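Contents: one structure, followed by commentary.
Computed from a predicted model, the values in this text were never measured in an experiment. Just so you know, these numbers use all the heavy atoms, side chains as well, and skip hydrogens, waters and symmetry mates. The chains referred to below are lettered A, B, ... by the order of the sequence lines, with proteins before strands, and numbering in each begins at 1.
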Amino acid sequence: MAKSKKNHIEEFDKCDFTPIFDYLEREKEKRKAMSKEEKQRLKEEKLQLEEKYGFCYLDGRKQKVGNFRIEPPGLFRGRGKHPKTGSLKLRVQPEQVTINIGKDAKIPEPPAGHSWNKVIHDNTVTWLATWKENVNENIKYVFLAANSTLKGQSDFKKFEKARELKDIVAKIREDYNRDMKSKITAIRQRATAMYFIDRLALRAGNEKKEGEEADTVGCCSLRFEHIKLGPSNVVHFDFLGKDSIRYQNTVTVEVQVYKNLKVFRRHSETEKDQLFDRVNTQELNKHLSSYMEGLTAKVFRTYNASHTFQEQLKNTPVSGTVNEKILAYNRANREVAILCNHQRTISKTFDNQMNRIEDKIRALKYQKMRLKKTILTLDPKLKKKRPELDEPESDLGEDWCEEYEKHLEEKEKEKYRKKFEKDNDKRKEEGKKPLPESELNAQLKEAEEKTKQFAKERKTGKIDVKKSQTVEKVEVQIEKTDERIKAANLTKVEKEENKTTALGTSKINYIDPRISAAWCYKYDVPIDKIFNKSLRDKFKWAMEVDKDWEF
DNA sequence: AGCACCACTTAGGAGGCAAAAT
DNA sequence: ATTTTGCCTCCTAAGTGGTGCT
């Protein structure tokens, strides 16, 4: 890098990272090979470190610190097409770090031979330490953890602010619908931008430094290249948002919005031009603050997320099982995640997982098919009365059935072989003669016969019924199988729907936790089914609400 | 008005670990 | 007993939005 006068790596293909990879693999193996005691000791050391550095006292109360381990040196990656990807991120030295601590508190010792940049006593900010990172020259901080009272208070304030918006949102909508026809372009643009922020939950879209950051946009920084106008008021959005996550959406917009977009386009020169060239986030937020103190674009995301969630929760089945209620909860959560465009990359094993579920469903359907045939064998007269018993199961091809029967056979054979081996080991120990091979062979033959029998039964529809079976008993078995098919299908649907949608971000940042708490009380769902330990901790300020509490 | 700077929230991925499935 | 999965914690980048200076 020094020779080429480049300050960052451009082609990673030309780097050989295998020594680093191998080293890490070896370390992993070492850890794996450790004895229980060693692992325990390591764990305790870690805990000790956390006890020492992981807590602080705020107004006399012990609080957890969020990120007390400073960033180690490495190669900066960044998200998306970041111009600085591959830059060397240097080690942060104590001399760069400013400590913020109470006047009378004991100042933490810097590492031996080093000193802090500064020690200050500013109680108007929440950070405990700060430094500047060398790649983007961003200021970094050590803050308190999410479960601290300080963060809890500001969370509470955030949601209260969003609830305040509820009372004036109708007026704001009325205003921007009116302003949409304003003769003044800036106002017209602002109204159109407001429409996007409110109805599509777009982020504000501050300006970014060209060439120093990834080219991503929000509402105010949208360019014409990011939208396509279709027929009948349809607008296609396609742009990279925060973290270079792609936002793709096709929306039928209000007539006036559509008209405005056309007009703005006509007055522009190229696709690279800003859609709202006379609007920026500061002005837009200033306008919003005239409605209500502290109202900004971001409040709309919080408001719409929480509002949508509460509305969606109305689909909870009152008399359903806890699982069905949780499914409804997750559905509501998912609606919000989709609204906010919270995505995740498809897991490497997704297709695999999907195939397994489908196989499981087919296996259940196969069972059901045999059960139905059993009933008809027991009582052939039912064929006329209940034609559904004679109908084939969906998705169960002839080939699949044959393969599945073969699979069952193999499994059974394997079971026999294992048992045979185990029995003989035992006999050997007891000094007995081993069982003859012929015994095993007879069992294997039996398994083969069973497969033939299954195939025959499947073709003729006549099942070799056990004496104890009755129509009623089989009926119950079918019901149970149906339930299992239903449950497996639900898992499949959820998995499919969660393929690219991340629920966590909206749950942690956008949905007022009091909605969830009230919902739990109202529908009698234990709160730990929807909030894990750390979320319950983070949201402890929200736990004591009435079951009828509303956002 | 335009900016640099600052403080804070929001964001998705990696990896570890425990529970569930096989 | 072993493998798979799914949840959780950690990590730090990338946003939003405020302030104060020129």
Quick one: on DNA chain C, does A:Gly218 or A:Lys46 contact a more 5' nucleotide (nearest heavy atom)?
->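 In this pair, the answer is A:Lys46.
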Starting at the 5' end of DNA chain C, which residue's closest nucleotide do you reach first, A:Gly205 or A:Lys64?
->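 So the residue in question is A:Lys64.
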Distance check needed: [N] [atom2] versus [X] [atom1], whole Å only.
X        : N      : atom1 : atom2 : answer
A:Ile139 : C:dT19 : CD1   : C1'   : 13 Å
A:His342 : C:dG15 : NE2   : P     : 13 Å
A:Ile357 : C:dT4  : CD1   : C1'   : 13 Å
A:Gln282 : C:dG20 : CD    : P     : 16 Å
A:Glu50  : C:dT9  : CD    : P     : 12 Å
A:Glu133 : C:dC11 : CD    : C1'   : 14 Å
A:Glu71  : C:dT12 : CD    : P     : 5 Å
A:Glu212 : C:dG15 : CD    : C1'   : 16 Å

Over all strands shown, is [X] touching base, sugar-phosphate only, or nothing at heavy-atom distances under 4.0 angstrom?
X        : value
A:Ala214 : nothing
A:Ile245 : sugar-phosphate
A:Lys158 : sugar-phosphate

Got a salt bridge between [X] and [Y], using NZ or NE/NH1/NH2 to carboxylate O under 4.0 Å?
X        : Y        : answer
A:Glu496 : A:Lys492 : no
A:Glu283 : A:Arg278 : no
A:Arg362 : A:Asp359 : yes

In terms of ring plane angle, is the pair A:Phe237 and A:Phe239 parallel, tilted or perpendicular, where the classes change at 30° and 60°?
->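 It falls in the perpendicular class, over 60°.
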Quick one: which of A:Lys81, A:Lys208, A:Arg223 gives a salt bridge (charged side-chain N to carboxylate O under 4.0 Å, His left out) with A:Asp215?
->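 For A:Asp215, the salt bridge (charged side-chain N to carboxylate O under 4.0 Å, His left out) check succeeds only for A:Arg223.
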A:Thr126 or A:Lys28, whichever maps to the more 5' nucleotide of DNA chain B |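 Looking at DNA chain B, the more 5' nearest nucleotide goes with A:Thr126.
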Closer to the 5' end of DNA chain B via nearest nucleotide, is it A:Lys132 or A:Thr505?
->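 Per heavy-atom nearest nucleotide, the more 5' residue is A:Lys132.
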A:Gln63 to A:Leu144 - nearest heavy-atom pair and separation =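 Answer, listing the atom of A:Gln63 first, then A:Leu144: CB-CD1, 4.2 Å.
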Mind listing the closest non-hydrogen atom pair of A:Lys64 and A:Asn147 along with its distance?
->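 Taking every non-hydrogen atom into account, CB-OD1, 3.8 Å.
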Please write out each protein N/O paired with an N/O of nucleotides 1-3 of chain C under 3.5 Å, distance rounded to 0.1 Å.
none

Any residue of residues 82-90 of chain A with a heavy atom less than 4.0 Å from an atom of DNA chain C =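 Contacts with DNA chain C under 4.0 Å: A:His82, A:Lys89.
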Looking only at side-chain N and O atoms, does [X] come under 4.0 Å of OP1 or OP2 in [N]?
X        : N      : answer
A:Thr349 : C:dT4  : no
A:Asn532 : C:dC7  : no
A:Arg69  : C:dC10 : no

Could you tell me whether A:Phe309 and A:Phe551 have their ring centroids closer than 6.0 angstrom?
->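 They do not qualify: ring centres at least 6.0 Å apart.
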Covered region of DNA chain B, 5' end to 3' end, by chain A [heavy atoms, under 4.0 Å] =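 Using the under 4.0 Å cut-off, the span is B:dC6 to B:dG16.
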